[in-house]
Structure formats: structure tokens, C-alpha cells
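Some notes on the structure that comes next.
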Amino acid sequence: MSEDLKTGGGKGYLRIATEEAFATREQIDVFLRMIRDGTADKGMVSLWGFYATSPSERATQIMDRLLDLGEARLADMDATGIDKAILALTSPGVQPMLDVGEAKGIAARANDTLAAACEKYPDRFIGLGTVAPQDPEWSAAEIHRGAKELGFKGIQINSHTQGEYLDAEKFDPIFRALSDVGQPLYIHPATPPDSMIGPMIEAGLDGAIFGFGVETGMHLLRLITIGIFDKYPDLQIMVGHMGEALPYWLYRLDYMHQAGVRAKRYERMKPLKKTIAEYMRSNVLITNSGMAWEPAIKFCQEVVGEDRVMYAMDYPYQYVADEVRAMDGMDMSAERKKKFFQTNAERWFRL
Ligand code: 1DF
Ligand code: MN
């Protein structure tokens, strides 16, 4: 462990990493089966065809790290000064699985596995549940089980489910359940669906480099513009990667949204109680997963508020000690830095 990255709060804050991934062997095995039997979409072939079969150092190291919820992960956290990790089943969870019974079984067992790890290391691991949106009512029940029996602090959904987005009415039981238990939804990226991925994949831009952000930012915009926060005013939705670019777009989004609403250009686009910028400041939370970049973090703090921007490492996909050092070294007040690393996560995940 290097001296400057010790855990324990010596810098004046604990480092809580909020978008950290694990996998289960049976989850990865279904991905591999789907790739083999031709039922995987193009994004699955691209993403998991790489991580689960490539002999490259990146792929093999990430697979090993994803599958560990014990001492090796803790050693990696110690080596980079991560006090606590908020863990979720890696993208795309079980959402592409066509056999819904199988998907629910794998999700439930992943939740049990995660809960056991959190129970074993209660000072280090915090869990977000996984659901199978293919079955919204089951997912609602699993949200209740997660909150009441497993100690989870929210759920993660990996963007679209087989090309469907959460603004569809059929997914309402999921939002109802989150509202009942008072927990946040983390919308994590997935590779874009086949309907969207074509020109991205031909250029190698379908994954975390760009496709993830485009698709997930759009997902959040679909939810905002359908009025999800008018229906559920207390709902908090989290997104990573510095808000999936939406903060940078906010001015134009609001201008064009209002112009479109006034002109009644789209049947779906109804007047909302607030502007998109206002929802971003009241119902959206942003983490800096994959974006250890001071100017972007400060811009987000200015646009959505310093209480709404949280630290994330995105382990094991972006396990970089120097990025933690860069975040420690940001030119920012001690109070604001503590919010970023620690207290915002404690507040919004109710730790
Ligand atoms: C990648 C990046 C993969 C992130 C992820 O899950 C992921 C990647 C499969 O680099 O391929 O969560 N990320 O959030 O940036
Ligand atoms: Mn991630």
C-alpha cells in the first residue's frame, strides 16, 4: 500500500467508490452460451465476446477481478485507498437473457451472493440489487427483498432491456417499488441495442468509449421527458460517467425541449412541471466513474450542485491508482471534496 493512498480517512474523508462491478460465473456462462447459439445481440458479442474469451491481459485480469468478492478485491481496494465499494452485478446484468425464469434465478442468486459478501465485510462492501426487468412484477418484489432482507441500498439497471426503455408503462412496478422502499435507481450503461449499434460498432465505438454514454444518456432523457419525476417526485436516479454527457448538453436540451413542447411536435412530448435542468438539480445524481477529470467534475458540480456529484472508480474496468491521486489533488475546498468522496454517497445511498 502506498502511503498517500491509505484508507481510513487520513485525508479528511473516506473514499466511497459508487460504481463498482462484480460478476457471477453462471452469469458469464449464459453470456457465452448466447454468443455461441446466436441469441446474443451485437453488443453482447462485442463486449462479452471480448472480456470472457480474449487472452489479452486486460480481459483476463478483469474477469479474475470481477469474479472475486473477497480478499483479492479488498487488497486492490487497500492498494488504491478505497474505503468502501458500492457493488453491483456487472452490465448487462441478466437483462439480455431470453429465458426469463433463468434470468430471475441468476439475478436472485447474484443478489444472495452479494448480500453474503456485504455481510462478511460490512465496513467495506455495500450492495445494490439486480433485477430482471423482463418481469417487472418479480423485479418489484426483488426490490422489496433487497431493501428489507438483504440490506441493499438501491438497485442498478443496465439501461435498455432487449431494446426496451424504462419509460414504457409496463416497467412502472419497478418505480412503484423503489418509491415504496425509498431507494435510488442507478442506470448503468449497456451496449446499445441492435437498432442503434450499427454505425458505432463498425468504428469500434460501441462500448465504454462512446456507445455506452450515448445510449444511457438517451435513456435518462427518455425518462425525464416522459415525466417520471412528475409522477415520482422523490425518486433519485443516478448515472455514472459524469452524467453521460447530459450536463454539457443541458442548455440545448432545455431550449429544444421547450420549443418542441410548445409546437406540439411530438405526441409523446408533454409539458412538464420543471425544466430538464431543474430535474437534474432535484432528482438526478452523478458519479465520475471513468472520468477522473477535474474540469468535468467541477463543471458538473456547478451545473447540478455540489451535493449531487459523487466519486466512483468503476473497478475493475478502470482500476488506476493515479486517478485516485488526481482526485485527491483536485483544487477544491476541503468541504466540497469530502462531499464528493464521502458524504454525498452516505446521504443518497442512506448508508
Ligand atoms: C466497461 C466499462 C465495461 C464500464 C463495463 O461493464 C463497465 C468497459 C461491462 O470498459 O468495457 O461497467 N464502465 O462503466 O465504464
Ligand atoms: Mn461501470
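Quick note: residue numbers are just sequence positions, from 1. Everything numeric here is computed off the predicted structure, so don't read it as measured data. We count ligands from 1, going down the list as the structure has it; atoms in each ligand are counted the same way.
A side-chain donor from one of Tyr121 and Glu71 sits under 3.5 Å from a side-chain acceptor of the other. A donor atom on one side chain and an acceptor atom on the other are found under 3.5 Å apart for Tyr317 and Thr90.
The aromatic rings of Tyr315 and Tyr319 stand perpendicular to each other, their planes meeting at an angle above 60°, with 30° marking the opposite boundary.
In this structure, the separation between CZ on Arg15 and CZ on Phe340 is 11.0 Å, given to the nearest 0.5 Å. Rounding to the nearest 0.5 Å gives a distance of 10.5 Å between CZ of Arg347 and CZ of Arg350.
Linking Ile, Leu, Val, Met, Phe, Trp and Tyr whenever their side-chain heavy atoms come within less than 4.5 Å puts Leu128 and Trp348 in one cluster.
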Please lay out, stage by stage, how Thr287 and Tyr186 fare under the test side chain to side chain contact (heavy atoms under 4.5 Å, CB included). CA-CA 10 Å; Thr287 82; Tyr186 201 122; 2.7 Å; yes
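Taking distances strictly below 2.8 Å, the protein N/O/S atoms close to the Mn ion (ligand 2) are Glu19 OE2, His188 NE2, Asp314 OD1.
Between Met280 and Ile224 the shortest heavy-atom distance is SD-CD1, 4.2 Å.
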Could you list each N/O atom of ligand 1 together with any protein N/O atom closer than 3.5 Å, one pair per line with the distance?
residue: ligand 1; atom: 6 (O); partner: Tyr317; partner atom: OH; Å: 3.4
residue: ligand 1; atom: 10 (O); partner: Tyr51; partner atom: OH; Å: 3.1
residue: ligand 1; atom: 10 (O); partner: Arg58; partner atom: NH2; Å: 3.1
residue: ligand 1; atom: 11 (O); partner: Tyr51; partner atom: OH; Å: 2.6
residue: ligand 1; atom: 12 (O); partner: His188; partner atom: NE2; Å: 2.7
residue: ligand 1; atom: 13 (N); partner: His241; partner atom: NE2; Å: 3.4
residue: ligand 1; atom: 13 (N); partner: Asp314; partner atom: OD2; Å: 2.4
residue: ligand 1; atom: 14 (O); partner: Glu19; partner atom: OE2; Å: 2.9
residue: ligand 1; atom: 14 (O); partner: His188; partner atom: NE2; Å: 3.1
residue: ligand 1; atom: 14 (O); partner: His241; partner atom: NE2; Å: 2.9
residue: ligand 1; atom: 14 (O); partner: Asp314; partner atom: OD1; Å: 3.2
residue: ligand 1; atom: 14 (O); partner: Asp314; partner atom: OD2; Å: 2.7
residue: ligand 1; atom: 15 (O); partner: His241; partner atom: NE2; Å: 3.0
residue: ligand 1; atom: 15 (O); partner: Asp314; partner atom: OD2; Å: 2.5

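Side-chain atoms of Asp194 come within 3.5 Å of backbone atoms of Lys42 as a donor-acceptor pair (strictly under, hydrogens ignored).
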